[in-house]
Number of protein chains: 2
Amino acid sequence: MNQAVEALGALAQGTRLAIFRVLVEAGPEGLAAGRIGEKLDLPPATLSFHLSQLARAGVAKSRSEGRFVIYSADFAATNDLVAFLTENCCKGAYCGPALPPHGIVKMPERNARGRRR
Amino acid sequence: MNQAVEALGALAQGTRLAIFRVLVEAGPEGLAAGRIGEKLDLPPATLSFHLSQLARAGVAKSRSEGRFVIYSADFAATNDLVAFLTENCCKGAYCGPALPPHGIVKMPERNARGRRR
DNA sequence: TCCATATTTCCAATAATATGGAAATGTTGT
DNA sequence: ACAACATTTCCATATTATTGGAAATATGGA
């Protein structure tokens, strides 16, 4: 619960949500901090502040690669967050009316044997 | 995007997240403000403040019923929010590693003809 | 109408957060 | 060791959010 508040709080801010979406689009590979700053035109101090918030909250992670710091979205944490939000939803019954256009994260396609492609 | 920041901001707070979860559990029927306050032991002013934040952000809605005000979660808005968070995720490819235990909201079951049951 | 109950508004004190310039830190290549 | 670049830390400032007591408002029933 506290974890969820942290994660939501990290995303509940224009600049950070923009950063997060850049990271989601970038995928597991991630993106160097500087590239993110260029895309969103953010001064280094501001960028660094928000990246550290995202990482502290667990929705993004960073790894060092040479003199770059590569940030990427934490997809597992994001899924956990989404699951938490709708936990106990209507005690298990369908609770429309809206039908989601797609899932949280696409399931890997499977062949007839049930193996991932 | 602004809409998403509002929605996330509404949920990014301990008291409000607790309220929201009570509403999610209550389902579309909703719950009178007072009942929520009892469950979470909140003073009226505080409760009212947070309920109005949730409603303003669109993740909850209210209707009057006699002298009660019934609040309920807005499931459609919640789904939109979740969809937005993972939009353009990995440009369409599966982006594990975690597989979600279940969908955002359960799809209604369909029979062989594709009709809802 | 009058009373009991439900919810909201008003208000002030307190705390937390966002911003970005300047300087510090760390890393690579010469 | 030095220069060039990437990122973070330090700092001050401005803005916004949370809290709850007390009073106001609204509804239903006797």
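Each chain gets a letter, A, B and so on, in the order the sequences are listed, and its residues count up from 1.
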Any residue meeting side chain to side chain contact (heavy atoms under 4.5 Å, CB included) with [X], in chain and number order, not counting sequence neighbours:
X      : answer
S52(A) : none
A73(B) : F20(B), L23(B), V24(B), F75(B)
A77(B) : D74(B)

Contact under 4.0 Å: Y71(B) side-chain N or O vs dA6(C) OP1/OP2: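 Negative; the distance criterion is not met.
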
[N] [atom2] sits how many Å from [X] [atom1], rounded?
X      : N       : atom1 : atom2 : result
R35(A) : dA6(D)  : CZ    : P     : 6 Å
R56(B) : dT16(D) : CZ    : P     : 12 Å
D41(B) : dT19(D) : CG    : C1'   : 14 Å
L51(B) : dA6(C)  : CG    : P     : 15 Å
L11(B) : dA17(D) : CG    : C1'   : 16 Å
L54(A) : dT7(D)  : CG    : C1'   : 16 Å

Sugar-phosphate or base contact per nucleotide [nucleotides 10-23 of chain C; S, B, -; heavy atom under 4.0 Å]: --------SBBBB-

Other ILVMFWY residues reachable from F68(A) by side-chain steps of under 4.5 Å: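 For the cluster that includes F68(A), the remaining residues are I70(A).
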
Could you tabulate the donor-acceptor pairs under 3.5 Å formed by side-chain atoms of residues 8-18 of chain B, not counting sequence neighbours?
unit_1	atom_1	unit_2	atom_2	d
Q13(B)	OE1	T15(B)	N	3.0
Q13(B)	OE1	R16(B)	N	3.1
R16(B)	NE	A10(B)	O	2.6
R16(B)	NH1	H50(B)	ND1	3.1
R16(B)	NH2	G9(B)	O	3.2

Stems involving DNA chain D, each a run of at least 3 consecutive Watson-Crick or G-U pairs under 3.5 Å: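 Expected stems, ordered by start: C:1-30 with D:1-30.
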
Residue pairs passing the salt bridge (Lys or Arg N to Asp or Glu O under 4.0 Å) test where at least one lies in residues 51-66 of chain A, sequence neighbours excluded: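 Every salt bridge (Lys or Arg N to Asp or Glu O under 4.0 Å) pair that includes a residue of residues 51-66 of chain A, provided the two are not neighbours, is E6(A)-R56(A), R63(A)-E65(A).
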
Taking only N/O atoms, report every protein-nucleotides 24-29 of chain C pair under 3.5 Å with atom names and distance.
none

Pair listing, side chain to side chain donor-acceptor pair (under 3.5 Å) test, anchored in residues 28-40 of chain B, at least two apart: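 For residues 28-40 of chain B, and leaving out neighbouring residues, the side chain to side chain donor-acceptor pair (under 3.5 Å) pairs sorted by first residue read R35(B)-E38(B).
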
Gap between atom CG of D80(B) and atom CD of Q3(B) - 0.5 Å precision: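 Going from the CD atom of Q3(B) to the CG atom of D80(B) covers 8.0 Å.
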
Listed partners of R67(B) passing salt bridge (Lys or Arg N to Asp or Glu O under 4.0 Å), at least two apart: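 None.
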
Given L40(A), I19(A), D41(A), the one that forms side chain to side chain contact (heavy atoms under 4.5 Å, CB included) with L47(A):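 Result: among L40(A), I19(A), D41(A), I19(A) is the only option passing the side chain to side chain contact (heavy atoms under 4.5 Å, CB included) with L47(A).
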
Single-linkage hydrophobic cluster I36(A)~F49(A), side-chain heavy atoms < 4.5 angstrom: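 No, no single cluster joins them.
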
